[in-house]
**Student:** 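Please find one structure pasted underneath; my questions will follow.
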Amino acid sequence: MPFTLAPLPYSHDALEPHIDTLTMQIHHGKHHQAYVDNLNKAIAGSDHENKSLETLIASAGTISPAVRNNGGGHWNHTFFWESLGTNAGGNPTGELADAISSAFGSFDAFKEKFNNAGLTRFGSGWAWLILKDGKLDITSTPNQDNPLMDVAEVKGTPLLGVDVWEHAYYLKYQNRRAEYLAAFWNVVDWKKIGERFKH
Ligand code: MN
C-alpha cells in the first residue's frame with residue numbers, strides 16, 4: 001500500500017477546548033484513514049501506484065473521481081493537522097505578518113475574509129490562504145479539492161486551510177460553523193505557516 005496514515009503530530013486532546021478530543025479521534029482515525037484506504041484502492045494495480053501524492057493531485061481532474069476525492073482528502077487532512085498545534089493561535093509574525101497586512105489591510109481584516117470564505121462555501125469543502133503569483137490570496141474549494149489541483153478555480157500554493165465539512169465541527173458546534181471558525185484561530189500554528197511562506 002503506497003500511502004499510509006501518519007500519526008497526529010500531537011495528542012487527540014491537544015486542541016481542546018477549541019477542537020474536541022472525540023472529533024479529533026474520529027476525524028483523524030476514521031475520516032482521514034478512509035481517504036488513505038480508498039486512495040490506495042483507487043490506484044491499486046494501475047500506473048498511478050508509484051506516483052507521489054503531489055503528482056496525483058496535480059492531475060486529479062483527469063485521473064478519476066476516486067483519486068480526486070481521496071487523494072485530495074489525504075493531502076488536505078495531512079496539511080490541516082500540520083497547520084495546528086498546542087500553544088498556538090495569536091498573531092503571525094515577521095514577513096508573513098507584513099504580507100498579510102499588505103494584502104488584506106490588517107490581520108483582523110484577513111481573518112474576516114478567510115472566515116467568510118469558509119462560511120460561504122456551501123456544503124462541504126475548505127477555505128484557503130494561498131500564495132498566487134507571489135501574492136497572498138483567499139479562496140475556497142468544494143469537497144476535497146484544493147488549490148494545487150488542475151480543477152481548482154483559483155490555483156496557488158496553500159499556506160493555511162480550514163476544513164469546513166460538518167465532520168470537522170458537528171459534535172461540538174453542531175450547525176454553528178461560524179463558532180468553529182472563530183475557535184480555529186486559537187489553534188493555528190503561525191510559526192508553521194510562516195515557514196511555508198518563506199519556502
Ligand atoms: Mn475532514
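As the structure lists them, so they are numbered: ligands from 1, and atoms in each ligand from 1. In this text the structure is predicted, and so the values were computed from the model without any measurement.
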**Student:** Please check if the side chain of N146 supplies one atom and the backbone of N76 the other of a donor-acceptor pair under 3.5 Å.
**Tutor:**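 Checked: no pair found.
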**Student:** Using 2.8 Å as a strict upper limit, say whether an N, O or S atom of H32 approaches the Mn ion (ligand 1) that closely.
**Tutor:**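 Not a single backbone or side-chain N, O or S atom of H32 is under 2.8 Å from the Mn ion (ligand 1).
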**Student:** Would you find more than 12 non-hydrogen atoms of other residues, nucleotides or ligands less than 6.0 Å from K191 atom NZ?
**Tutor:**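 No, the 6.0 Å shell around NZ holds no more than 12 heavy atoms from other groups.
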**Student:** Kindly say whether A152 contributes a backbone atom to a donor-acceptor pair with the side chain of K155 at under 3.5 angstrom?
**Tutor:**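 It does hold such a pair.
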**Student:** Between A182 and N186, what is the shortest heavy-atom contact and its length?
**Tutor:**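 Reported closest heavy-atom pair: O-ND2, 4.1 Å.
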**Student:** Check all N, O or S atoms of D163 and name the one closest to the Mn ion (ligand 1).
**Tutor:**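 Going through the N, O and S atoms of D163 one by one, OD2 ends up nearest to the Mn ion (ligand 1).
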**Student:** By atom name, which N, O or S atom of H77 is the nearest to the Mn ion (ligand 1)?
**Tutor:**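 In H77, the heteroatom (N, O or S) nearest the Mn ion (ligand 1) is NE2.
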**Student:** At the Mn ion (ligand 1), what is the angle formed between atom NE2 of H27 and atom NE2 of H167, rounded to the nearest 10°?
**Tutor:**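 With the Mn ion (ligand 1) as the vertex, the angle is close to 100°.
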